[in-house]
Protein chains: 2
Amino acid sequence: MTNKGRGLLIVISGPSGAGKGTICKEFLDRHPDVALSVSATTRSPRNGEVEGINYYFMSKEEFKEKIEVNDFLEYAEVYDNYYGTPKSNVEEVLESGKDVILEIDIQGALKVKENTEEGVFIFILPPSMEELKQRIIKRGSETQESLMKRFKSAYKEINFVSRYNYAVVNDEVDLAVEKLESIVCAEKCRVDRIKHSILDSKEGIIHEQLYD
Amino acid sequence: MTNKGRGLLIVISGPSGAGKGTICKEFLDRHPDVALSVSATTRSPRNGEVEGINYYFMSKEEFKEKIEVNDFLEYAEVYDNYYGTPKSNVEEVLESGKDVILEIDIQGALKVKENTEEGVFIFILPPSMEELKQRIIKRGSETQESLMKRFKSAYKEINFVSRYNYAVVNDEVDLAVEKLESIVCAEKCRVDRIKHSILDSKEGIIHEQLYD
């Protein structure tokens with residue numbers, strides 16, 4: 001799904017348990033020309049993790065320098081380590097004309113939205129709140145109170161859907177991936193994205209055809 | 001492509017020669033559940049034309065009454081006859097949850113845009129200006145001056161693309177129809193269209209699951 005112009009920044013997000021990871025994996029399998037955004041982290045590489053594939057590994061000093069020069073689309077501190085999406089890497093891939101998928105939690109996605117004008121923000125919804133509840137139960141919340149608390153948190157998170165451009169219900173992975181493909185295809189037909197290239201190419205040709 | 005909520009109003013438009021008729025026909029063949037908007041006219045039915053299929057035939061008095069009560073999404077007078085898109089008919093189909101395709105010239109589409117808040121406006125582009133020029137030549141303009149005039153008119157028309165939501169290049173009919181399908185699918189995932197149904201269904205279920 002490369003195109004001649006700039007690539008699309010496709011932000012895939014949603015509550016945990018909605019299945020965004022599965023959908024992204026299937027989409028990338030079908031479209032090897034689309035890049036997956038690689039996060040930077042200050043934690044140590046685990047066995048088998050490869051620099052630039054799993055993460056960009058860096059020291060806390062390096063990470064903080066990048067924060068200073070505003071080179072993260074988003075970042076967060078988790079258990080004394082930093083994680084973030086390096087702006088310059090994403091920029092480079094988009095500029096080359098390749099689409100980039102950024103799979104990220106809701107908090108991260110909202111920060112990305114603050115830090116960039118572009119981006120197609122897609123919210124993955126669980127098949128149903130009942131299904132989400134079943135998954136929460138399976139994760140081992142035992143008391144009615146604890147179940148209530150987790151469920152309320154998912155409930156709250158789903159309200160953030162209104163900050164996104166699209167919502168895709170993950171009822172069947174294949175169907176959800178097809179919807180994702182449709183969204184990417186449609187976005188590339190949006191006049192506000194391609195207007196200049198249409199009018200420029202028209203301009204070029206009319207000169208060639210009529211005024212030469 | 002019916003959905004539970006209101007149907008989509010899909011406005012397919014573009015310069016003559018771009019092939020919008022072929023694309024609409026193929027789309028409707030693939031999606032028999034999508035309705036084609038039927039125009040009203042004051043001209044007499046021709047042999048074989050069926051009321052409600054080819055046109056809604058009406059007298060000039062009837063037509064003018066409908067204009068008075070603002071019951072046209074657009075209308076025009078052509079060679080002493082009126083042609084128009086009856087608002088109430090389109091409304092009825094959309095309300096039933098069916099999508100409606102409105103195939104219409106650029107002038108008509110822009111009037112529809114003035115008269116309704118909804119509508120997905122799709123501009124069909126010719127494969128290239130060179131191809132459009134070839135078609136214009138084939139239509140029999142003989143002098144360089146006449147060719148120039150027609151070409152300039154198509155050139156002007158293409159500028160209206162900026163008033164549309166999407167542009168689809170009709171290079172291959174199959175590909176163009178697939179893009180149209182993607183646009184319809186993506187529009188049905190747009191958060192601003194489905195937000196309320198997501199949040200409402202969530203609301204219903206959380207009450208059922210937690211508070212009963």
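Quick note: numbers below take in every heavy atom, side chains included, and nothing from hydrogens, waters or symmetry partners. Please read all numbers here as calculations on a predicted model, not as lab measurements.
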Assess whether atom [atom1] of [X] is packed by more than 12 heavy atoms of other residues, nucleotides or ligands within 6.0 Å.
{"X": "Glu77(B)", "atom1": "CD", "value": "yes"}
{"X": "Glu118(B)", "atom1": "CD", "value": "yes"}
{"X": "Gln107(A)", "atom1": "CD", "value": "no"}
{"X": "Phe121(B)", "atom1": "CZ", "value": "yes"}
{"X": "Arg163(B)", "atom1": "CZ", "value": "no"}

Taking all non-hydrogen atoms of both residues into account, name the closest pair between Val191(A) and Val161(B) and its distance.
->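 Minimum heavy-atom contact is CG1-O, 3.3 Å.
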Which of residues 167-175 of chain A get closer than 4.5 angstrom to chain B, counting heavy atoms alone?
->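 Answer by number: Ala167(A), Val168(A).
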Ile183(B): which of Ser182(A), Cys189(A), Cys185(A) passes side-chain contact (heavy atoms from CB on, under 4.5 Å) =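 The residue from Ser182(A), Cys189(A), Cys185(A) that satisfies side-chain contact (heavy atoms from CB on, under 4.5 Å) with Ile183(B) turns out to be Cys189(A).
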What part of [X] lies closer than 4.5 angstrom to a heavy atom of chain A: side chain, backbone, both or neither?
{"X": "Leu125(B)", "result": "side chain"}
{"X": "Lys179(B)", "result": "both"}
{"X": "Ile194(B)", "result": "side chain"}

Can you pull the ring pair (Phe, Tyr, Trp, His ring centres under 6.0 Å) pairs that have at least one residue in residues 80-105 of chain A, sequence neighbours excluded?
->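 Checked against ring pair (Phe, Tyr, Trp, His ring centres under 6.0 Å) - neighbours excluded - the pairs reaching residues 80-105 of chain A are Phe63(A)-Tyr82(A).
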If you round to the nearest 0.5 Å, how far is OH of Tyr166(B) from NZ of Lys188(A)?
->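 Separation between the atoms: 14.5 Å.
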